[in-house]
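Comments concern the structure below.
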Amino acid sequence: MLTANTDLKLVLDLVGVFVFALSGGLVGVRKRLDLVGVLVLAWVAGLGGGVMRDLLIGDVPPVGVSDWRLMLAACLAGLITFWLHPGVARISRFVRVLDAAGLAVFAVAGALKAVLFAVSPVTAVVVGVVTAVGGGVLRDVLVGQVPEVLRRELYAVPALLGALTVVLAARLEHLTSLVVWSAVVLVFIVRMTAVVLDLNAPQPLRTGDPP
Amino acid sequence: MLTANTDLKLVLDLVGVFVFALSGGLVGVRKRLDLVGVLVLAWVAGLGGGVMRDLLIGDVPPVGVSDWRLMLAACLAGLITFWLHPGVARISRFVRVLDAAGLAVFAVAGALKAVLFAVSPVTAVVVGVVTAVGGGVLRDVLVGQVPEVLRRELYAVPALLGALTVVLAARLEHLTSLVVWSAVVLVFIVRMTAVVLDLNAPQPLRTGDPP
Amino acid sequence: MLTANTDLKLVLDLVGVFVFALSGGLVGVRKRLDLVGVLVLAWVAGLGGGVMRDLLIGDVPPVGVSDWRLMLAACLAGLITFWLHPGVARISRFVRVLDAAGLAVFAVAGALKAVLFAVSPVTAVVVGVVTAVGGGVLRDVLVGQVPEVLRRELYAVPALLGALTVVLAARLEHLTSLVVWSAVVLVFIVRMTAVVLDLNAPQPLRTGDPP
């Protein structure tokens with residue numbers, strides 16, 4: 001079962017890296033970066049969350065600098081946004097769908113890898129969330145934006161749900177492919193619901209203070 | 001003696017995490033982030049310095065993603081600032097006192113942990129300072145501010161003094177609880193003196209050049 | 001041969017740290033930071049790339065917090081820019097030459113260290129580039145600028161060439177001092193050519209979209 005899960009993790013990783021790298025490339029194009037900048041942002045957005053995960057659980061060198069398949073996926077996504085960006089931007093609604101898919105597979109794949117590394121359950125959940133949101137945070141910090149996860153509608157919460165599902169299933173010794181894919185679908189649906197209904201996390205009460 | 005120091009380190013860590021997480025939560029509230037953003041900033045400010053420390057000395061997974069007591073302290077501080085922020089802001093002078101306390105316990109606890117990991121003395125000093133200022137740096141970078149430690153009155157210097165004291169005591173094989181607490185008090189007093197007297201590190205000479 | 005390369009690596013590291021720390025100190029002076037801020041920026045610019053490299057290949061604690069010779073070089077550069085900054089700024093063209101030298105030695109030294117750690121060739125190349133550009137990225141993020149490597153003329157590309165040369169030579173079991181120095185000179189010449197001719201990486205096509 002472990003082997004199957006490892007294979008599954010590669011597929012999840014490849015999909016996640018590609019769609020997140022598309023988002024990074026698009027941000028780079030919008031900020032008028034050159035080809036190198038667009039590729040770096042694609043790399044950071046696609047692989048940065050995984051690098052954080054691997055540093056946190058001690059799997060060095062991280063796959064983001066050692067697995068040529070993942071790096072190739074990120075580079076491809078960067079080149080595609082660089083050359084086809086008007087096309088990619090036109091389908092930016094579709095990109096939000098892809099982004100929700102990336103969030104789903106990264107949260108689940110991150111928690112899955114942490115579980116395989118036998119860290120404690122609470123660590124596996126946190127690591128799953130970091131895997132899912134870390135790349136986007138690095139992407140935004142590099143171009144001087146406050147990271148979207150800190151201000152946008154529910155983004156980290158579905159990732160948390162997905163990571164929790166995986167870790168719980170592992171604790172119950174019931175970590176099957178079905179459970180893994182169900183967790184991916186769960187995150188995707190919750191995230192898309194938040195996008196469609198424009199759901200947001202609660203904001204602090206306004207006070208009379210100047211900001 | 002080592003065991004006692006380990007217990008002592010937990011108390012120092014809990015206090016430091018809580019007060020630094022308060023500072024992170026307040027910054028989040030001021031920037032009008034939502035609940036998730038406020039919690040993330042509390043987590044980053046409270047636990048980020050320790051995560052840097054643990055990555056630098058090779059203790060993975062870092063306590064910031066594995067010790068539920070520390071994570072609970074950071075979450076509590078985030079929730080408190082989220083719900084009670086007008087109250088917390090009104091006592092912002094008190095928060096500066098808490099922040100000085102956090103600086104003191106983190107510099108000392110960081111150096112202490114590095115010493116227990118048997119890194120070289122110079123590394124232990126640097127790691128202590130990074131533990132103390134790292135969380136605040138991440139907090140400020142995430143919301144797009146130049147980190148306070150780079151521009152505010154003396155902040156890193158008291159942390160350096162505290163870390164030096166711990167490392168020196170360890171070299172002289174005199175690392176007792178008394179020495180540890182004295183180092184904490186030393187950092188706190190130096191930092192509060194800098195706050196009260198508005199002491200600053202020297203600035204570069206102005207020149208005729210445009211900035 | 002390995003020993004010779006290790007010695008060689010130290011010389012390369014010292015030169016790279018010093019010139020990159022000069023660049024960090026200058027940015028700090030320009031941003032009107034105080035002495036502590038200037039020293040931190042010098043440290044980050046000079047040692048940050050190496051810290052990233054060491055975390056990625058698992059060599060902890062990283063030399064950036066453990067090798068006093070490198071830290072001394074970074075501090076010296078910080079103090080020099082702090083006290084002599086009008087002089088340093090006046091020779092800012094010379095600083096660009098130094099920066100090209102730093103890029104060259106860091107890309108080569110980073111790839112060299114990665115090869116000595118027996119990581120895979122593709123990892124060694126990426127790690128070499130990260131070593132060369134990482135410190136500058138951290139420096140710029142800390143003061144709220146979009147990193148120069150993302151937007152300036154060809155910067156990462158010469159680093160890539162240098163890292164590739166070292167890794168290729170190692171694969172062919174031909175990693176002599178002559179090859180290492182040739183790689184350094186290659187990076188330096190390509191980078192200086194880009195500076196002098198104002199060569200840039202291609203930019204994305206403009207579209208009718210607002211930015």
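Convention: sequence-line order gives letters A, B, ...; per-chain numbering from 1.
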| field | Closest non-hydrogen atom pair, A/Val60 against C/Leu55 | value | CG1-O, 3.4 Å
| said: Testing the basics here: between C/Leu150 and A/Asp34, what is the closest heavy-atom pair and its distance to 0.1 Å? | reply: O-OD1, 3.5 Å
| request: Measure across C/Ser120 and A/Ser66 and return the closest heavy-atom pair with its distance rounded to 0.1 Å. | output: OG-O, 4.4 Å
| So which part of C/Val137 gets closer than 4.5 Å to some heavy atom of chain A, the side chain, the backbone, both or neither? | side chain
| field | Approximate separation, where rounding is to 0.5 Å, of A/Leu35 CG and C/Leu154 CG | value | 9.5 Å
| remark: Of A/Leu142, A/Val143, A/Val40, the largest count of non-hydrogen pairs under 4.5 angstrom with chain C goes to A/Leu142
| message | Can you tell me which of C/Val141, C/Val127, C/Val146, C/Leu56 forms the most heavy-atom pairs within a distance under 4.5 Å of chain A? | response | C/Leu56
| Picking from C/Val126, C/Ile57, C/Val122, what satisfies side-chain contact (heavy atoms from CB on, under 4.5 Å) with A/Val65? | C/Val126
